[in-house]
Number of protein chains: 2
Amino acid sequence: MNTPKARIQDVAKVAGVSTATVSRTLSNPSVVSETTRTAVLEAVKATGYRVNRAARNLRTQKTGAILVLIPNLSNPFFSQIISGVEQIFRRAGYSLLVADTDNINDPDFRLVDVFEDGQADGIILLDGYVPMSAITSLQGTEAENLVVYACEWAETEGIPSIRSDNPAGARMAAQHFASLGHKKVGHICGPKENVLTPMRRDAFVTEARKLGMEVRDEWIFPGDFRLVTGAQAADMFLALEERPTAVFSASDLMAVGFMKRLLSEGVRIPDDVSIIGFDDVGIAAYFHPSLTTIRQDRPQIGRVAATTLLSRLRDPSNVDPYFRHTVPVELITRESTAKPSDG
Amino acid sequence: MNTPKARIQDVAKVAGVSTATVSRTLSNPSVVSETTRTAVLEAVKATGYRVNRAARNLRTQKTGAILVLIPNLSNPFFSQIISGVEQIFRRAGYSLLVADTDNINDPDFRLVDVFEDGQADGIILLDGYVPMSAITSLQGTEAENLVVYACEWAETEGIPSIRSDNPAGARMAAQHFASLGHKKVGHICGPKENVLTPMRRDAFVTEARKLGMEVRDEWIFPGDFRLVTGAQAADMFLALEERPTAVFSASDLMAVGFMKRLLSEGVRIPDDVSIIGFDDVGIAAYFHPSLTTIRQDRPQIGRVAATTLLSRLRDPSNVDPYFRHTVPVELITRESTAKPSDG
DNA sequence: CTGAAAGCGCTTACAG
DNA sequence: CTGAAAGCGCTTACAG
């Protein structure tokens with residue numbers, strides 16, 4: 001039952017070769033002769049040999065692991081990105097370490113330590129709030145090119161970043177409203193300090209006006225992506241003398257908060273007002289009415305981030321420090337949008 | 001900038017001691033003298049020394065990592081459990097490896113290999129569908145006691161399992177209905193083959209009858225936890241000659257599917273029928289009307305699983321192979337429940 | 001309390 | 001194509 005683990009020496013003995021040859025057969029089979037290879041592979045099977053990671057890691061100065069830094073593991077938004085990351089790295093033979101930055105209490109935390117400790121060969125950053133000191137610790141080190149951002153909004157000079165095509169999504173929303181015949185449209189914004197906020201707002205407003213729709217300043221509501229600010233936007237909406245017939249929200253959660261409040265007040269959706277969200281989180285499909293939204297392909301964001309890091313791991317010399325990648329978004333049409341009732 | 005990493009030898013030289021003493025100072029400070037300790041610690045700071053994980057791992061035959069096997073990283077249910085797991089293990093100095101079993105295509109995958117490869121020191125299993133052959137590979141090995149189930153429902157002889165107190169939750173639902181004055185109640189069941197299904201159903205029915213409420217067989221609807229079967233239950237509900245005034249669903253998702261269909265048909269919630277879900281997933285709070293539900297404390301499930309594994313890691317001899325742990329649940333009262341309108 | 005030395009299990013230049 | 005040998009950076013019995 002509990003046979004001691006086979007080491008490379010045991011395999012060598014059984015196969016009648018040196019440990020060097022066993023090692024080569026396993027990691028670089030093309031350099032050994034056919035006969036030797038067969039013998040070694042048989043010996044491997046016979047002994048049940050599996051390479052010891054720690055020994056290999058120590059010798060090669062690699063870890064075979066990638067660290068994913070995530071602000072909050074409970075947030076499905078991020079775990080769906082991880083899902084794409086995992087897929088790529090598993091295929092490439094890497095394992096995935098995850099750390100919840102909410103749980104890291106060390107103010108002196110530095111990304112470079114991850115490399116120096118031999119914890120990981122690369123880092124995928126899903127947290128846009130990692131302190132600058134943690135990031136700048138990388139400057140001038142070889143690890144500098146082995147960190148990739150895929151956190152939706154942050155960007156730091158010298159770190160490649162992957163994110164959704166936000167302006168395109170905002171334009172799709174405007175186009176959808178226009179195609180339904182809406183003439184007056186509004187917007188619920190993201191958080192003030194967030195780079196995505198002007199991206200989505202400006203692209204929406206510009207496109208809407210280009211398509212001949214009216215967008216008044218008082219129809220642009222402040223927000224912060226969270227449910228509660230959507231409800232606040234609804235209060236402002238209800239107080240308006242003249243209301244838009246369609247509202248594009250910068251997040252699904254705000255769209256839901258907006259709808260909940262309106263429904264409580266007897267406003268009909270989509271009859272009285274059409275709503276489009278952004279993200280396509282789980283609730284978008286489940287809400288009543290279900291929410292038309294701009295879907296971000298989160299697994300794809302993860303896949304692109306992983307692929308980018310992987311190519312740097314394989315060829316550290318060939319690196320574009322200004323790498324930016326944009327992942328397409330998609331309009332998902334559901335029940336919350338319709339022609340305006342007076343249209 | 002790019003100074004070469006300090007090794008333990010460098011620290012030893014600076015401190016004027018042997019590498020053995022540096023090592024002891026770092027891992028077992030109480031055995032070195034105060035003076036030496038101070039000198040070593042200063043040298044550590046001066047050199048920026050950080051222990052090399054691979055070297056330590058090779059020497060100690062440990063990895064300092066725990067593997068979490070999860071069926072689907074995108075599912076928030078599981079990522080919230082991981083969140084609790086991460087918290088405990090980070091504090092204990094372990095790092096967390098995650099693997100999505102959806103992405104593992106190897107039919108010969110065996111849990112014991114994780115230990116033999118030196119990938120992890122322990123495993124938290126969130127996937128109830130891991131093949132038996134993967135699990136039985138552990139039998140008779142030292143790793144046998146280093147795997148913990150926290151996947152909500154699976155149980156395998158010899159592996160400790162952690163889960164919510166399902167019968168208590170079902171009883172809370174019945175009690176809540178009774179306290180509101182309901183006399184006729186129904187239930188939407190979980191999947192047929194799932195051990196949780198009879199747990200929740202039987203506890204609910206028994207408690208309901210004990211409290212003097214009527215539960216007819218035709219008010220017990222089949223289901224499988226997913227949204228669509230909730231909608232199917234709604235169709236059956238609508239076709240009834242006599243309807244219950246309150247329904248307890250074995251999952252939030254089915255409750256939402258049930259409500260969506262009823263709302264579409266003009267049934268008022270909670271006026272015409274009260275609904276209680278199970279889980280407290282994100283949507284429960286956001287739906288309109290928001291859903292009264294039995295909350296499972298998923299981070300706590302993760303924490304208990306992690307703590308259990310940790311104690312086994314620390315003292316492998318002191319192990320109860322029949323360990324079972326139950327995490328309390330909680331009734332979260334929201335808008336979907338009220339007094340019956342004829343009550 | 002401390003040091004010298006062995007050794008964890010690999011990989012890889014080097015030599016042939 | 002293959003082997004002997006060094007060495008990755010630690011920890012820990014052993015001896016003192």
Side-chain angles (χ1 to χ4, degrees), chain A residues 3-41 43-44 47-65 93 113 115-121 142, chain B residues 3-41 43-44 47-65 93 113 115-121 142:
Chain A
T3 31
K5 249 183 291 185
R7 296 146 305 156
I8 199 166
Q9 269 208 32
D10 304 318
V11 181
K13 208 168 291 169
V14 171
V17 298
S18 72
T19 60
T21 298
V22 175
S23 176
R24 286 190 199 104
T25 307
L26 262 25
S27 57
N28 197 4
S30 63
V31 306
V32 298
S33 76
E34 168 99 41
T35 338
T36 313
R37 201 186 318 149
T38 315
V40 169
L41 260 23
V44 166
T47 54
Y49 173 74
R50 313 197 111 232
V51 64
N52 178 302
R53 301 283 188 103
R56 170 182 283 178
N57 293 349
L58 176 57
R59 183 53 231 233
T60 59
Q61 305 282 58
K62 300 258 177 273
T63 69
D113 293 340
F115 296 96
E116 301 223 322
D117 291 0
Q119 278 186 68
D121 299 337
E142 293 170 16
Chain B
T3 32
K5 250 182 290 185
R7 296 146 303 155
I8 199 167
Q9 269 209 33
D10 304 319
V11 180
K13 209 168 291 171
V14 171
V17 298
S18 73
T19 60
T21 298
V22 176
S23 176
R24 285 191 200 102
T25 308
L26 262 26
S27 56
N28 197 6
S30 64
V31 306
V32 297
S33 75
E34 169 100 40
T35 339
T36 312
R37 203 186 316 150
T38 315
V40 170
L41 259 23
V44 165
T47 54
Y49 173 75
R50 314 197 110 233
V51 63
N52 178 301
R53 300 286 188 100
R56 171 182 281 178
N57 293 348
L58 176 57
R59 182 54 231 233
T60 59
Q61 305 283 58
K62 301 258 177 275
T63 68
D113 293 340
F115 297 95
E116 302 224 322
D117 291 358
Q119 280 185 67
D121 298 337
E142 293 170 18

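Every chain is numbered from 1 and lettered A, B, ... according to where its sequence line falls, protein lines coming before strand lines.
The CG-C1' distance, from B:Asn57 to D:dT12, rounds to 16 Å in whole Å. Residue B:Asn28 contributes atom CG, which lies 13 Å from atom P of C:dT2 at whole-angstrom precision. Rounding to whole angstrom units, NZ of residue A:Lys13 and P of D:dA4 are separated by 13 Å. When rounded to the nearest whole Å, the span between CD1 of B:Ile8 and P of D:dT12 equals 11 Å. The separation between B:Asp117 atom CG and C:dG9 atom P is 14 Å, rounded to whole Å. In this structure, B:Arg24 places its CZ atom 11 Å from P of D:dT11, rounding to the nearest Å. Between B:Lys5 atom NZ and D:dC8 atom P there is a gap of 13 Å when expressed in whole angstrom units. Taking atom CG of A:Leu58 as the reference point, atom P of D:dA6 lies 17 Å away to the nearest angstrom.
The closest donor-acceptor contact from the side chain of A:Asn52 to the backbone of A:Ala55 lies under 3.5 Å.
Between B:Glu34 and B:Gln61, the residue anchored nearer the 5' end of DNA chain C, judged by the nucleotide with its closest heavy atom, is B:Glu34. The 5' end of DNA chain C is approached more closely, in terms of each residue's nearest nucleotide, by B:Ser30 than by the other of B:Ser30 and B:Thr60.
Nearest to the side chain of B:Thr36, among C:dC10, C:dT2, D:dT2, sits C:dT2. With C:dG3, D:dA4, D:dC1 as the choices, the nucleotide that has an atom nearest any side-chain atom of A:Ser18 turns out to be D:dA4.
Close to D:dG3, at under 4.0 Å from its OP1 or OP2, lies no side-chain N or O of A:Thr19. For the pair B:Ser23 and D:dT12, the criterion of a side-chain N or O lying under 4.0 Å from OP1 or OP2 is not met. Under 4.0 angstrom from either OP1 or OP2 of D:dT2 there lies no side-chain N or O belonging to A:Thr21.
With a 3.5 Å ceiling on both atom-pair distances, D:dA4 lacks any Watson-Crick or G-U wobble partner. Partner assigned to D:dA13 is none, using Watson-Crick or G-U wobble distances below 3.5 angstrom.
Between B:Arg7 and B:Asp10, at least one side-chain N (NZ, or NE/NH1/NH2) sits under 4.0 Å from a carboxylate O, which counts as a salt bridge. Ionic pairing of B:Asp117 and A:Arg50 is present here: one or more N-O contacts between side-chain nitrogen and carboxylate oxygen are shorter than 4.0 angstrom.
Remark: the B:Arg59 side chain and the C:dG9 base include no donor-acceptor N/O pair separated by less than 3.5 Å.
A:Val32 pairs in a side chain to side chain contact (heavy atoms under 4.5 Å, CB included) with only one of the listed residues (A:Val17, A:Thr21, A:Val22), which is A:Thr21.
D:dG16 sits 16 Å from D:dT12 when the C1' atoms are compared, rounded to a whole Å.
Once rounded to the nearest 0.5 Å, the distance linking CG of A:Leu58 with CZ of B:Arg53 reads 14.0 Å.
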